[in-house]
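These notes concern the structure reproduced below.
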Number of protein chains: 2
Amino acid sequence: MQQYNARGVHGQTVEVLAQRILDGRMPEGSTLDLTALQSEFDVSLTVLREALRVLAAKGMVDARPKRGTFVRPRANWSLLDADVLRWQFARSPHRPGLFDDLHELRAIVEPGAASLAAARATDTDIEALDAALADMAAAGDDPSAAVAADLAFHRALLAATHNELIQRMEVVIETGLAERDRMVHGTAGADDPVPSHKAVVDAIRRHNPAQAARAMGKLLDQAIEDVARLERTQHEDRQD
Amino acid sequence: MQQYNARGVHGQTVEVLAQRILDGRMPEGSTLDLTALQSEFDVSLTVLREALRVLAAKGMVDARPKRGTFVRPRANWSLLDADVLRWQFARSPHRPGLFDDLHELRAIVEPGAASLAAARATDTDIEALDAALADMAAAGDDPSAAVAADLAFHRALLAATHNELIQRMEVVIETGLAERDRMVHGTAGADDPVPSHKAVVDAIRRHNPAQAARAMGKLLDQAIEDVARLERTQHEDRQD
DNA sequence: CTGTCAACATATCTTCGTAATTAATGAAGA
DNA sequence: TCTTCATTAATTACGAAGATATGTTGACAG
């Protein structure tokens, strides 16, 4: 999933800086003291520069002679970027509501994608969906296999739209799935996911866009309900 | 709109390299000859490195010792990134269907966003929408003012969802609007945009999500119809 | 004879310290 | 008050040295 596989000490530097900006420890508009950061991370200026260049590419910082390197307004950050999403969830206390935002976007995009897929899916596309469905059924109680199959399903669905931009919304879906997986981690009691997913595939197979969108909407409603129920349970646990 | 405001010779280097990759002149998996590029652009290795670091941050290239720097599979490119979208449209013969893909994504996201906005919009949000509507009416036949008002409208709509991730879909909408603007450039005969936009605002003011979504859908249908009609006209012109 | 594993050599990226360039600032002049 | 110009703080660029993953060779076991 991650895109920016920086090797060497670089990756850490980028991630630490990114998280400081994302969680507000380095507020918008604040200027970065390169010399201080250099000694803090014990790296050369070049390393720091390249780390900042990555963040600049994601709209998070800007550097100008005489003014210094500063954090850009939040409105310019590429929040839909795979790395930025991952960095936000990597630190434990991420922004409240971030998961909800993520899910709302999914709730808009995925039914629409299902509708398009129903109109355009080829036999190959439907085979991929069926395969993901089979994997999901075969996964049983193996959590990692279940997540992998779930991911494959949603990826196959996006691919069936034959729209390259919609396909790239997978970064949002992947992050959403990964985060949900982290939350439910090992907690049993989730419903069987196969029926709801199968309903989507059936609608696509019949090339019925409206039905596909509805089925996908239900699937997502169920998913968010699972998480909500889980959060209630955890909340009760915390009151021991 | 652009995020990566690289200064110096850097910006050109990044853009040229990006376009070569995006249009397929540097195919997926091909390795880049850094030495050749260095002499071609007449820049130092550091400059080239930082340019490639930007592309790496956008998932387009990767560098590994002993293997070299190579173009990553297209599936990893951040096609929803503002710069990547801009670079694609910057060169005249961009991928056929790119505009269509863009519009399909808008057709999915914006009605959903309008629906959410209808549920959540505050008085301030609605004032912003009204202001954009007023600007649109006042623009009259000034194309740049009309585009600015249109952009402000769609931005205000996304803001009214109070969902930060959905708001960042503005990069897609902005690019779509900018490209449409480039296409219609100076050609009159477009319908009055105010009524269709006003219908959306009215639905939001009444906090009627379904109606807002429908109105937004119609607005987008009309927009794509305008472009289609324009393309037919241009096609006829070309047959002189 | 064939397949597996480990140590080695090297091509390539990565990092360093220093020099050049840029643009915001304030003062001087018109 | 506006324009011009030197000042200077900060980024940007350079060429060489350093670090590292990869591919290769050889030996050993099956």
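Order of the sequence lines fixes the chain letters, A, B, ..., with proteins taken first and strands second; residue numbering starts at 1 for each chain. Below, all heavy atoms of this structure are taken into account, side chains as well, without hydrogens, waters or symmetry copies. No experiment lies behind these values; they were computed from the predicted model shown.
Atom pair B/Q12:CD and D/dT12:P shows a separation of 16 Å (rounding to whole Å applied). The nearest whole Å value for the distance from the CG atom in B/L34 to the P atom in C/dT12 is 9 Å. When rounded to the nearest whole Å, the span between CZ of B/R49 and P of D/dT12 equals 16 Å. Protein atom CG of B/L37 is 14 Å distant from nucleotide atom P of C/dT12, rounded to whole Å. Between B/F70 atom CZ and C/dA11 atom P the separation is 19 Å, expressed in whole Å. Going from atom CG of B/D62 over to atom C1' of C/dT12 covers 13 Å, rounded to whole Å. When rounded to the nearest whole Å, the span between CZ of B/F41 and P of D/dA13 equals 14 Å. A/R64 has its CZ atom 10 Å from the P atom of C/dA23, to the nearest Å.
The side chain of A/K66 has C/dA24 as its nearest neighbour among C/dC13, D/dG23, C/dA24. Across D/dA21, C/dC13, C/dA24, the shortest atom-to-atom separation from the side chain of A/R67 is found for C/dA24. Among the nucleotides D/dT11, C/dT14, C/dC13, the one closest to the side chain of B/R53 is C/dT14.
Listed by first then second residue, pairs satisfying salt bridge (Lys or Arg N to Asp or Glu O under 4.0 Å) with a partner in residues 121-131 of chain B read B/D130-B/R205, not counting sequence neighbours.
With A/D23 as the partner, the side chain to side chain donor-acceptor pair (under 3.5 Å) test is satisfied by one option alone out of A/R20, A/R25, A/Q19: A/R25.
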- Quick one: do B/R180 and B/D150 satisfy salt bridge (charged side-chain N to carboxylate O under 4.0 Å, His left out)? Show the steps, please. CA-CA 12 Å; B/R180 198 193 62 176; B/D150 203 353; 3.2 Å; yes

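In the model, B/H154 has a side-chain atom that pairs as donor or acceptor with a side-chain atom of B/E110 under 3.5 Å.
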All N/O contacts under 3.5 Å from nucleotides 14-16 of chain D to the protein, with atom names and distances to one decimal?
from: D/dC14; atom 1: OP2; to: B/S44; atom 2: N; distance (Å): 2.7
from: D/dC14; atom 1: OP2; to: B/S44; atom 2: OG; distance (Å): 2.6
from: D/dC14; atom 1: O5'; to: B/S44; atom 2: OG; distance (Å): 3.4
from: D/dG15; atom 1: O6; to: B/T46; atom 2: OG1; distance (Å): 3.4

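A donor-acceptor contact shorter than 3.5 Å links the side chain of A/S78 to the backbone of A/K58. The backbone N or O of B/L17 lies less than 3.5 Å from no partner atom in the side chain of B/W87, so there is not a single donor-acceptor pair.
Taking CD from B/E28 and CZ from B/R74, the interatomic distance works out to 7.0 Å, rounded to the nearest 0.5 Å.
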